[in-house]
There are 2 protein chains.
Amino acid sequence: MTARDPADVFTRDCPSRATVENVSGKWGILALVALHEGAFRFSALRRRVDGVSERMLSQTLHALERDGLVIRDVRSTIPPHVEYSLTTLGSDMAKRLKAMIDLIEGSMEEILEARREYDSRAGG
Amino acid sequence: MTARDPADVFTRDCPSRATVENVSGKWGILALVALHEGAFRFSALRRRVDGVSERMLSQTLHALERDGLVIRDVRSTIPPHVEYSLTTLGSDMAKRLKAMIDLIEGSMEEILEARREYDSRAGG
DNA sequence: CCGTATCCTTAACGATACTG
DNA sequence: CAGTATCGTTAAGGATACGG
(Lines give C-alpha, C1' and ligand atoms only; values in the text may rest on other atoms or scores of the structure.)
Protein backbone atom coordinates (compact mmCIF):
# COMPACT_ATOMS: atom_id res chain seq x y z
CA MET A 1 0.00 0.00 0.00
CA THR A 2 2.33 2.72 -1.25
CA ALA A 3 2.44 4.97 -4.30
CA ARG A 4 4.11 2.12 -6.19
CA ASP A 5 1.87 -0.57 -4.70
CA PRO A 6 -1.61 0.97 -4.64
CA ALA A 7 -4.63 -0.68 -3.04
CA ASP A 8 -6.70 -2.76 -5.47
CA VAL A 9 -9.97 -4.13 -4.25
CA PHE A 10 -10.13 -6.63 -7.10
CA THR A 11 -7.15 -8.49 -5.70
CA ARG A 12 -8.02 -11.28 -3.32
CA ASP A 13 -5.99 -10.31 -0.28
CA CYS A 14 -5.75 -6.57 -0.61
CA PRO A 15 -6.52 -5.11 2.86
CA SER A 16 -8.96 -2.69 1.23
CA ARG A 17 -11.40 -5.60 0.93
CA ALA A 18 -11.80 -5.76 4.71
CA THR A 19 -12.55 -2.04 4.92
CA VAL A 20 -15.01 -2.26 2.07
CA GLU A 21 -16.81 -4.97 4.01
CA ASN A 22 -16.81 -2.99 7.26
CA VAL A 23 -18.12 0.09 5.51
CA SER A 24 -20.60 -1.55 3.18
CA GLY A 25 -21.76 -4.35 5.42
CA LYS A 26 -25.38 -4.62 6.46
CA TRP A 27 -24.96 -2.47 9.58
CA GLY A 28 -21.87 -0.45 8.62
CA ILE A 29 -23.72 1.51 5.94
CA LEU A 30 -26.62 2.33 8.22
CA ALA A 31 -24.41 3.34 11.14
CA LEU A 32 -22.30 5.66 8.99
CA VAL A 33 -25.26 7.27 7.25
CA ALA A 34 -27.06 7.74 10.56
CA LEU A 35 -23.98 9.36 12.12
CA HIS A 36 -23.81 11.65 9.12
CA GLU A 37 -27.01 13.22 10.46
CA GLY A 38 -25.17 14.10 13.66
CA ALA A 39 -23.65 12.58 16.79
CA PHE A 40 -25.55 9.79 18.52
CA ARG A 41 -25.40 8.02 21.84
CA PHE A 42 -25.40 4.23 21.72
CA SER A 43 -29.06 3.70 22.56
CA ALA A 44 -30.27 6.46 20.28
CA LEU A 45 -28.24 5.05 17.41
CA ARG A 46 -29.69 1.64 18.10
CA ARG A 47 -33.20 3.05 17.84
CA ARG A 48 -32.31 4.89 14.62
CA VAL A 49 -30.90 1.77 12.99
CA ASP A 50 -34.06 -0.25 13.29
CA GLY A 51 -33.47 -3.96 13.83
CA VAL A 52 -29.83 -3.98 14.89
CA SER A 53 -28.92 -5.94 18.02
CA GLU A 54 -26.70 -4.51 20.75
CA ARG A 55 -24.06 -7.03 19.86
CA MET A 56 -23.92 -6.17 16.16
CA LEU A 57 -24.06 -2.42 16.69
CA SER A 58 -21.20 -2.59 19.17
CA GLN A 59 -19.15 -4.79 16.86
CA THR A 60 -19.86 -2.56 13.86
CA LEU A 61 -18.90 0.62 15.69
CA HIS A 62 -15.64 -0.88 16.90
CA ALA A 63 -14.69 -1.97 13.40
CA LEU A 64 -15.43 1.51 12.05
CA GLU A 65 -13.51 3.16 14.88
CA ARG A 66 -10.58 0.87 14.18
CA ASP A 67 -10.55 1.92 10.52
CA GLY A 68 -10.50 5.59 11.55
CA LEU A 69 -14.02 6.43 10.41
CA VAL A 70 -15.79 6.82 13.73
CA ILE A 71 -14.87 8.67 16.93
CA ARG A 72 -15.94 7.26 20.27
CA ASP A 73 -16.16 9.89 22.98
CA VAL A 74 -16.52 8.43 26.47
CA ARG A 75 -17.48 10.71 29.35
CA SER A 76 -16.75 9.14 32.71
CA THR A 77 -19.95 10.08 34.43
CA ILE A 78 -22.50 7.99 36.28
CA PRO A 79 -24.44 6.80 34.45
CA PRO A 80 -21.97 6.48 31.55
CA HIS A 81 -22.35 8.73 28.52
CA VAL A 82 -20.79 7.67 25.21
CA GLU A 83 -21.14 9.65 22.04
CA TYR A 84 -20.33 8.51 18.52
CA SER A 85 -19.48 10.81 15.64
CA LEU A 86 -17.61 10.72 12.33
CA THR A 87 -14.04 11.62 11.48
CA THR A 88 -13.40 13.64 8.32
CA LEU A 89 -12.79 10.43 6.43
CA GLY A 90 -15.92 8.87 7.91
CA SER A 91 -17.97 11.85 6.88
CA ASP A 92 -16.68 11.70 3.33
CA MET A 93 -17.45 7.99 3.22
CA ALA A 94 -20.95 8.53 4.57
CA LYS A 95 -21.67 11.07 1.83
CA ARG A 96 -20.81 8.54 -0.85
CA LEU A 97 -22.83 5.83 0.83
CA LYS A 98 -25.76 8.18 1.10
CA ALA A 99 -25.55 8.82 -2.63
CA MET A 100 -25.91 5.09 -3.19
CA ILE A 101 -28.81 4.78 -0.77
CA ASP A 102 -30.58 7.76 -2.28
CA LEU A 103 -30.42 6.14 -5.69
CA ILE A 104 -31.84 2.88 -4.36
CA GLU A 105 -34.60 4.55 -2.38
CA GLY A 106 -35.47 6.76 -5.31
CA SER A 107 -35.56 3.80 -7.73
CA MET A 108 -37.47 1.43 -5.51
CA GLU A 109 -40.59 1.31 -7.66
CA GLU A 110 -38.50 0.52 -10.74
CA ILE A 111 -36.62 -2.16 -8.81
CA LEU A 112 -39.77 -3.78 -7.48
CA GLU A 113 -41.20 -3.81 -11.00
CA ALA A 114 -38.04 -5.49 -12.30
CA ARG A 115 -38.39 -8.12 -9.60
CA ARG A 116 -41.99 -8.82 -10.49
CA GLU A 117 -41.10 -9.29 -14.13
CA TYR A 118 -38.12 -11.51 -13.32
CA ASP A 119 -40.18 -13.66 -10.98
CA SER A 120 -43.03 -14.04 -13.42
CA ARG A 121 -40.62 -15.32 -16.07
CA ALA A 122 -38.74 -17.65 -13.73
CA GLY A 123 -41.66 -18.78 -11.57
CA GLY A 124 -44.33 -18.82 -14.28
CA MET B 1 -43.35 2.42 -1.95
CA THR B 2 -45.23 5.32 -3.46
CA ALA B 3 -44.85 9.08 -3.41
CA ARG B 4 -46.73 9.08 -0.11
CA ASP B 5 -44.95 6.02 1.25
CA PRO B 6 -41.31 6.47 0.22
CA ALA B 7 -38.62 3.83 0.74
CA ASP B 8 -36.69 4.24 4.00
CA VAL B 9 -33.69 2.04 4.53
CA PHE B 10 -33.68 2.76 8.25
CA THR B 11 -36.94 0.92 8.67
CA ARG B 12 -36.58 -2.74 9.48
CA ASP B 13 -38.64 -4.30 6.72
CA CYS B 14 -38.39 -1.77 3.96
CA PRO B 15 -37.66 -3.71 0.75
CA SER B 16 -34.84 -1.29 -0.02
CA ARG B 17 -32.77 -3.10 2.61
CA ALA B 18 -32.62 -6.23 0.45
CA THR B 19 -31.43 -4.25 -2.57
CA VAL B 20 -28.85 -2.44 -0.48
CA GLU B 21 -27.51 -5.82 0.55
CA ASN B 22 -27.47 -7.20 -2.99
CA VAL B 23 -25.69 -4.12 -4.27
CA SER B 24 -23.29 -3.57 -1.39
CA GLY B 25 -22.62 -7.17 -0.48
CA LYS B 26 -19.13 -8.59 -0.70
CA TRP B 27 -19.48 -9.72 -4.32
CA GLY B 28 -22.24 -7.35 -5.50
CA ILE B 29 -19.98 -4.31 -5.32
CA LEU B 30 -17.16 -5.98 -7.18
CA ALA B 31 -19.41 -7.40 -9.88
CA LEU B 32 -21.07 -4.03 -10.53
CA VAL B 33 -17.83 -2.08 -10.57
CA ALA B 34 -16.20 -4.64 -12.84
CA LEU B 35 -19.14 -4.50 -15.27
CA HIS B 36 -18.83 -0.73 -15.26
CA GLU B 37 -15.55 -1.26 -17.12
CA GLY B 38 -17.46 -3.02 -19.88
CA ALA B 39 -19.36 -6.21 -20.69
CA PHE B 40 -17.94 -9.50 -19.44
CA ARG B 41 -18.52 -13.17 -20.06
CA PHE B 42 -18.99 -15.35 -17.01
CA SER B 43 -15.49 -16.79 -16.86
CA ALA B 44 -13.80 -13.49 -17.56
CA LEU B 45 -15.80 -11.81 -14.84
CA ARG B 46 -14.83 -14.58 -12.48
CA ARG B 47 -11.17 -13.96 -13.21
CA ARG B 48 -11.62 -10.23 -12.76
CA VAL B 49 -13.30 -10.62 -9.38
CA ASP B 50 -10.43 -12.46 -7.79
CA GLY B 51 -11.51 -15.04 -5.22
CA VAL B 52 -15.18 -15.43 -6.09
CA SER B 53 -16.52 -18.98 -6.52
CA GLU B 54 -18.71 -19.99 -9.46
CA ARG B 55 -21.59 -20.48 -7.07
CA MET B 56 -21.38 -17.02 -5.50
CA LEU B 57 -20.82 -15.20 -8.78
CA SER B 58 -23.82 -16.89 -10.33
CA GLN B 59 -25.98 -16.15 -7.31
CA THR B 60 -24.83 -12.52 -7.18
CA LEU B 61 -25.48 -11.92 -10.88
CA HIS B 62 -28.96 -13.40 -10.62
CA ALA B 63 -29.83 -11.15 -7.68
CA LEU B 64 -28.57 -8.09 -9.55
CA GLU B 65 -30.44 -9.08 -12.70
CA ARG B 66 -33.58 -9.53 -10.65
CA ASP B 67 -33.25 -6.02 -9.24
CA GLY B 68 -32.93 -4.62 -12.75
CA LEU B 69 -29.26 -3.66 -12.51
CA VAL B 70 -27.65 -6.27 -14.74
CA ILE B 71 -28.53 -7.55 -18.21
CA ARG B 72 -27.88 -11.17 -19.08
CA ASP B 73 -27.51 -11.76 -22.78
CA VAL B 74 -27.57 -15.44 -23.76
CA ARG B 75 -26.53 -16.45 -27.27
CA SER B 76 -27.67 -19.95 -28.12
CA THR B 77 -24.50 -21.18 -29.72
CA ILE B 78 -22.35 -24.18 -29.02
CA PRO B 79 -20.44 -23.69 -26.86
CA PRO B 80 -22.75 -21.27 -25.02
CA HIS B 81 -21.89 -17.59 -24.92
CA VAL B 82 -23.36 -15.43 -22.15
CA GLU B 83 -22.54 -11.78 -21.74
CA TYR B 84 -23.25 -9.60 -18.73
CA SER B 85 -23.64 -5.84 -18.83
CA LEU B 86 -25.28 -3.04 -16.85
CA THR B 87 -28.65 -1.39 -17.25
CA THR B 88 -28.84 2.40 -16.96
CA LEU B 89 -29.72 2.04 -13.30
CA GLY B 90 -26.91 -0.46 -12.77
CA SER B 91 -24.45 1.88 -14.39
CA ASP B 92 -25.53 4.76 -12.17
CA MET B 93 -25.22 2.52 -9.12
CA ALA B 94 -21.77 1.34 -10.17
CA LYS B 95 -20.57 4.94 -10.46
CA ARG B 96 -21.57 5.63 -6.89
CA LEU B 97 -20.02 2.42 -5.64
CA LYS B 98 -16.83 3.26 -7.48
CA ALA B 99 -16.74 6.62 -5.70
CA MET B 100 -16.80 4.76 -2.40
CA ILE B 101 -14.12 2.30 -3.46
CA ASP B 102 -11.91 5.07 -4.78
CA LEU B 103 -12.07 6.80 -1.42
CA ILE B 104 -11.14 3.62 0.43
CA GLU B 105 -8.33 2.71 -1.93
CA GLY B 106 -7.01 6.24 -1.82
CA SER B 107 -7.14 6.35 1.99
CA MET B 108 -5.67 2.94 2.62
CA GLU B 109 -2.47 4.19 4.22
CA GLU B 110 -4.44 6.39 6.59
CA ILE B 111 -6.77 3.49 7.40
CA LEU B 112 -3.93 1.08 8.06
CA GLU B 113 -2.30 3.64 10.33
CA ALA B 114 -5.56 4.07 12.26
CA ARG B 115 -5.71 0.31 12.70
CA ARG B 116 -2.18 0.13 14.02
CA GLU B 117 -2.90 2.83 16.57
CA TYR B 118 -6.17 1.22 17.65
CA ASP B 119 -4.54 -2.18 18.01
CA SER B 120 -1.60 -0.83 20.00
CA ARG B 121 -3.99 0.78 22.48
CA ALA B 122 -6.28 -2.25 22.76
CA GLY B 123 -3.66 -4.99 22.50
CA GLY B 124 -0.87 -3.20 24.43
C1' DC C 1 -26.50 3.64 30.68
C1' DC C 2 -23.13 1.13 27.88
C1' DG C 3 -21.82 -2.31 26.56
C1' DT C 4 -19.31 -7.42 26.77
C1' DA C 5 -19.71 -12.59 27.23
C1' DT C 6 -22.11 -16.53 26.26
C1' DC C 7 -24.91 -19.63 23.91
C1' DC C 8 -27.27 -21.17 20.10
C1' DT C 9 -29.43 -21.14 15.48
C1' DT C 10 -29.30 -20.11 10.88
C1' DA C 11 -27.47 -18.73 6.74
C1' DA C 12 -23.39 -17.72 3.94
C1' DC C 13 -19.78 -19.62 1.68
C1' DG C 14 -16.41 -22.60 -0.93
C1' DA C 15 -15.23 -26.95 -3.28
C1' DT C 16 -16.41 -29.91 -6.47
C1' DA C 17 -18.90 -33.00 -9.44
C1' DC C 18 -21.98 -32.99 -12.88
C1' DT C 19 -25.42 -31.41 -16.91
C1' DG C 20 -27.26 -28.81 -21.20
C1' DC D 1 -18.65 -22.59 -21.84
C1' DA D 2 -21.85 -21.61 -18.38
C1' DG D 3 -23.66 -22.73 -15.03
C1' DT D 4 -26.69 -25.83 -11.22
C1' DA D 5 -26.83 -29.32 -7.37
C1' DT D 6 -25.07 -31.11 -3.37
C1' DC D 7 -22.43 -31.29 0.71
C1' DG D 8 -19.75 -29.92 4.55
C1' DT D 9 -17.71 -26.13 7.03
C1' DT D 10 -17.43 -21.72 8.82
C1' DA D 11 -19.04 -17.41 10.10
C1' DA D 12 -22.76 -14.19 10.96
C1' DG D 13 -26.28 -12.98 13.66
C1' DG D 14 -29.88 -12.66 17.52
C1' DA D 15 -31.26 -13.19 22.47
C1' DT D 16 -30.16 -12.27 26.77
C1' DA D 17 -27.85 -12.19 31.22
C1' DC D 18 -24.64 -10.00 33.54
C1' DG D 19 -20.48 -6.63 34.64
C1' DG D 20 -18.35 -1.68 34.90
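Keep in mind that the numbers below use all heavy atoms, side chains included, and drop hydrogens, waters and symmetry copies. Chain A is the first sequence line, chain B the second, and so forth, proteins listed ahead of strands; every chain is numbered from 1.
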**Request:** If a pair satisfies salt bridge (charged side-chain N to carboxylate O under 4.0 Å, His left out) and one of its residues is in residues 8-29 of chain B, list it, with sequence neighbours excluded.
**Result:** A:D50-B:R12
**Prompt:** A:A18: what forms a side chain to side chain contact (heavy atoms under 4.5 Å, CB included) with it, not counting sequence neighbours?
**Reply:** B:R115
**Request:** Kindly write out the residues that satisfy side chain to side chain contact (heavy atoms under 4.5 Å, CB included) with A:E110, not counting sequence neighbours, or none if the list is empty.
**Result:** A:S107, B:L89
**Request:** Kindly write out the residues that satisfy salt bridge (charged side-chain N to carboxylate O under 4.0 Å, His left out) with A:R116, not counting sequence neighbours, or none if the list is empty.
**Result:** A:E113
Where do N or O atoms of nucleotides 12-18 of chain D meet protein N or O atoms at under 3.5 Å, pair by pair?
from	atom 1	to	atom 2	distance (Å)
D:dG13	N7	A:R55	NH1	3.0
D:dG14	O6	A:R55	NE	3.0

**Prompt:** For B:E54, which residues count as a salt bridge (charged side-chain N to carboxylate O under 4.0 Å, His left out) partner, sequence neighbours excluded?
**Reply:** B:R46
Pairs of donor and acceptor atoms involving the side chains of residues 71-82 of chain B, under 3.5 Å and at least two apart or interchain, shall be tabulated with distances.
from	atom 1	to	atom 2	distance (Å)
B:R72	NE	B:Y84	OH	3.2
B:T77	OG1	B:P79	O	2.9
B:H81	ND1	B:R41	NH1	3.1

Side-chain donor-acceptor distances from residues 56-63 of chain B under 3.5 Å, at least two apart:
from	atom 1	to	atom 2	distance (Å)
B:T60	OG1	B:M56	O	2.7
B:H62	ND1	A:Y118	OH	3.3

**Asked** With a non-hydrogen cut-off below 4.0 angstrom, is A:R72 in contact with a base, only sugar-phosphate, or nothing?
**Response** sugar-phosphate
**Message:** With a 4.5 Å cut-off on side-chain heavy atoms, are A:R96 and B:R96 touching?
**Reply:** no
**Asked** Does B:H62 have a side-chain nitrogen or oxygen under 4.0 Å from the phosphate oxygens OP1 or OP2 of D:dG3?
**Response** no
**Request:** Look at the side-chain N and O atoms of B:Y84 and state whether any lies under 4.0 Å from the OP1 or OP2 oxygen of D:dC1.
**Result:** no
**Prompt:** How far does the helix from C:dC1-D:dG20 to C:dG20-D:dC1 bend, going by the axes of its first and last five pairs, to the nearest 10°?
**Reply:** 50°
**Complete:** Sorted by chain and residue number, the salt bridge (charged side-chain N to carboxylate O under 4.0 Å, His left out) partners of A:R47 (sequence neighbours excluded) come out as none
**Message:** Distance under 4.0 Å to a non-hydrogen atom of chain A counts as contact; along DNA chain C, which nucleotides mark the start and end?
**Reply:** C:dC1 to C:dT6
**Fill in**
Hits for salt bridge (charged side-chain N to carboxylate O under 4.0 Å, His left out) against A:K98, two or more places apart or cross-chain, chain-then-number order -> A:D102
